[in-house]
Amino acid sequence: MRHLSLYIMVFLLARAMPATTQSPVFRPHQPRDWGALRITAWTQDGYGACWLGTSEGILRYDGTRYEQFPFADSTLLKEGAIRSVFTRNDTLWVGWESGAIGHGWIFGKNIQRWKAAQTMPDAPVTAFLSDSKGCLWIATYGEGLYVFDGSQLLHWDQANDGLSSNDVYAMTIDAKGRIWAATDNGISICSYQPADGSKNIILLTETDGLPDKIVTALTPDATGNMWVGTHDRGVALYDVTTGKCSQPIDPTEDIGPVRSIAVYSTYEIWIASAEKGLLRGNLGTKHWIPVSNERVKHLFTDREGLLWLLTDQGAMYSANTEVLACPSFQMPVQASWADPLGRIWAGTSKGLFLFDRGTWTPVNIGNVNVISLAEDAAHRLWVGTFGNGVIILDSQEKTMIKKLSLPNGSILSMAAQGEKMWVATLDGTRITDIHTFLQQPLSAITGVPEADKYYVYKIFQDREQNMWLATDGHGLCQLKHGAWSCSEEGGKTIYSIAEDHQGTLWFSGDQTGLLSLKNGHIARRTTKDRLHSNDINSLSVNGRGQLIIGYNDGIDIFQPETGHLVFLNEYSGIPVQEAALNAAATDRSGHVWMGTDKGLLRIAAFSQMFAADPALSIRSVNQSGTPVDWNRQHDFAWNENYLSIEYSGIWHTAPGNVQYRHRLEGFSPDWTLSKDQQVAYPQLPPGHYRFVVQATEHRNFDGVQEVSWDFTIHPPFWKRWWFLTGMLLLLSALLYFGVRRREKRIALEQQWQNEKTAAQLELLKSQINPHFLFNSFNTLIAMIEEQPVAAVDYAVHLSDFYRSITAYREKETISWTEELEIAQNFVFLLQKRFEEALHFTVEMPPHNDFLLIPLSLQLLIENAVKHNVVSKSKPLQITVAFGQDNTLVVQNNIAPKLHPEPGTGFGLQHLSHRYRQLTRKNVQYSAENGVFVVKIPLIRTNI
Amino acid sequence: MKWLFLFLLAATTLRAQEKPGNFKCENGVIRFRSEAPLETIEAKSVKLRGLVNVTDRTFAWVLRVNTFEGFNSGLQGDHFKENYLETDRYPTAIFQGKIIEEADFSTPQKITVRAKGKLTIHGVEQERIIKVTLDVQPKFISVQSHFSVLLSDHNINIPRIVHQKIAEEVQVTVDARLIPD
């Protein structure tokens, strides 16, 4: 960094050294954290940002911040110095001295090696260009040109294609879309037809009017004509339409080899010379004016018209070439005059000075205090002094013709009107004839009330030859058709008057702001209308009809047609100087020369050719911290509602002056003023939005460019119509099915209850079957006599059996042990009756883990007895066993009765039904091979 | 040594082509002059060697830098050669390239041409175009040229304290006579 500051000092000294030249303020640009970084290549993208090829890689520069763009391919780091950078369609191209080429998306931060063909350039890449057909042109120093049409990389060289030389110094494009290449053997004008691959080269050399065959620089002007910089013969202008070459600036002035040219339309050009440093060529006076001895390698003009310089040492500067000052001439200037020869006269308290060809010289009229200047129709310069009357000079010879003594020798203002000269003294305004002033005294003007008592600060002649006076007391006075009329509508005291190209008269007084008079109507603009200040020191109109307003601390450039105001001060890179009262003059090129407390500022008339507002773009959009491809994505989910938007308004002239205002339509209609380049919207509710941002550098957002981005945050799915409808349907369906199920269950329970009741009734009926009871009592009666003890036993069993029935019939299930006990009681009772004719075998031990419906087995035994013959000859065999799948298998041999007992048949069917309800399994029964088998599904309790 | 080798290589290439029109010089005079605010330093060598082919207009010139003599004192000369030009590391200066103008070497005349090539001093190569006046005579071609060398172009670092004594830009004059090879 010490090295850098030293270097800047050297540079500033160098700038001051040539001593007599007008120069802009050179603003150094050095990334702070990069030490002795060398900048070797420059370009500007479509968004206004600068791309720098440096010794540390690629940097993006927006006027305030440097951002590094890393190489995705690390081998590019070893390629050495970067020679050229270029952007097109958001793609950055980088060319190295080694011949390597890299490219990358300008938002992507990754630059990759470009390999479009087998053989890639192997010589320094001096320039890139894009033509109207979308082809990329690459100029090399050693291998001629390459053109890439999207698929093929074509080589153009001297041997095969007739290129003037393979060493291409510079490349540019003309209005017809042809590529111009500057070489040692003149210029090659190349055109390429991608459709048929045809190459065409036109050679321009000394025989075509070029002053030198070695062409080292090419820059087109606004009309499409080409400025040609040569090695030994200065600069030429090639007219593309006529094919004629001219040298508008004196070719005898040696400027050394031209390295680079920057063109300001028809006003001036700047060149970087390999031997003479930086020079400015005035196309009006046709002379070169040295600006700096510093060796400059490249010159560029940006969209704002700023001049960018890269020096041999790798430093970068920008300069606002619109406003130039002369560091060597720093006296307060009180009056200025631009004569028809393009020379500038400056009146100071220490005499009169002449600025010609970049040099200031004092004019020998003695040490007088010059406060006003005017030129008459005979090209004599009238010098108004403070206290010494008027001195009249031959402006060519710079010799004094006559000194006019006046009653009051202080001359505030003068103006010529045809053959007359108007002179405003502190003792009233006088008129004289420019031919007879030697013989006749000046006559006082008549018609202005009390004219002699008021000062006139400015005498002004409009384009219709009417005379106007800015008076201190009567306001603005006008002489029309021989009569004076004064208006104090704009104030009693008026200082300055100017007229624009539309015929509007502009004037200002004491703290009045800017007043205008058009068709008799007076309008006022003040700081409320974004004027920098209401305290105006000077008003003048430049060659483009812009009003130049001088203040104590800067300049406003006002465009009368659009109302656009651009304020320039030290932050815009112009010298800090205080405008003097009415000391501004407009030269024949249309530039304004404004007298200030530190000399003269030249305010060029070319500002209108360049962009007037910051280049505005949206840089990035982040959703909760993650980048969004905002060009494509416009829809977000309900919870993707934390959006931050980064935008940039790039205005290199005065980066610190850029102000933004933005709003989110759909959220709030109000603009938010901001200096930040970012805004965050947390917790946005669902909706459609449009983000709009505007940028200005002069506090006025009227008519500035705006950039917008539309997006939608969708409501959550549970708030969307389809979800809500779906949910409603689902709920209704659920409700419907729920009700249906409940109804079904109630019906089922009802049925179950009914069946249970029916079963109990049936059971009761069967148990109190009169036959069984009758048989049992008969058996008991028979036993009482023969076997009284056994009869008691029998009665006990009978009683037990009925008690069991009564006890268990209410239960849903009973254990196998309990069921077996009931069955054995029942069988005991039957066996007393049938004795040997009934065999009952149980092959399944009592078990409490198996459950069954009460009295199932009893029912089966009873059925078997009821339907079969039970006799000694045909004994009834009933077997109970444990079967597969936890079933109770009850089987008996079939011996049907001749007269079957009438039965309801309800028993078995009903039993089966109940088991199905309880276990979802059926009671299976079959009659095969004389055996009736019933399988009852048992219920396991321990599972 | 590397540069000398390169020169010999270049010279042999020129010779090997067996083209007519080779001219050479063994004892050209080269002077340099550094005009600084406090001191003017001048030195001279008569050992400039050159080879020019007038058919294809290529050339190569070479100078052993420590053949410079003169200076204001012998000590200054040693200091200059050792510290600034580092003749131990970079013993030779070379200018090699091609003449841009298609000059006619067959008729005696005085012409000015531009020689474009790579100028290597202090091991640093610079692309230069140097104006040369040629006096074409039947038996010889006399070569005269005046150009300047920016020390910073060739990474020749002069301590700031010495800036008052050594100019940043050194003037070089060449006077040589080429005879047919």
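Computed from a prediction, not measured in an experiment: that's the story for all the values here.
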Trainee: Anything in residues 128-152 of chain B with a heavy-atom distance to chain A below 4.5 Å? Please list those residues in order.
Mentor: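 From residues 128-152 of chain B, the residues near chain A are B:Ile129, B:Lys131, B:Leu150, B:Ser152.
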
Trainee: Apply salt bridge (charged side-chain N to carboxylate O under 4.0 Å, His left out) to A:Asp208 and list each qualifying residue two or more places apart in sequence or on a separate chain.
Mentor: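 Here no residue qualifies.
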
Trainee: Pairing donors with acceptors under 3.5 angstrom, does anything connect the side chains of A:Thr183 and A:Ser164?
Mentor: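 Yes, a side-chain donor-acceptor pair sits under 3.5 Å.
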
Trainee: Can you list the residues that meet the salt bridge (charged side-chain N to carboxylate O under 4.0 Å, His left out) rule with A:Arg259, with sequence neighbours excluded?
Mentor: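 In terms of salt bridge (charged side-chain N to carboxylate O under 4.0 Å, His left out), with neighbours along the sequence ignored, A:Arg259 is linked to A:Asp312.
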
Trainee: To the closest 0.5 Å, what do you measure between CG (B:Asp153) and CD (B:Glu125)?
Mentor: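 Going from the CG atom of B:Asp153 to the CD atom of B:Glu125 covers 12.5 Å.
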
Trainee: I'd like to verify something: which residue of A:Asn185, A:Asp232, A:Asp167 has the highest number of heavy-atom pairs under 4.5 Å with chain B?
Mentor: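 Highest number of heavy-atom pairs under 4.5 Å: A:Asp232.
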
Trainee: Apply salt bridge (charged side-chain N to carboxylate O under 4.0 Å, His left out) to B:Glu169 and list each qualifying residue two or more places apart in sequence or on a separate chain.
Mentor: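 Testing B:Glu169 for salt bridge (charged side-chain N to carboxylate O under 4.0 Å, His left out), a comparison that skips the adjacent residues, returns A:Arg295.
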
Trainee: Can a donor-acceptor pair be found, under 3.5 Å and without considering hydrogens, that links the side chain of A:Thr311 to the backbone of A:Gln313?
Mentor: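 Side chain of A:Thr311 to backbone of A:Gln313, a donor-acceptor pair under 3.5 Å: yes, one is there.
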
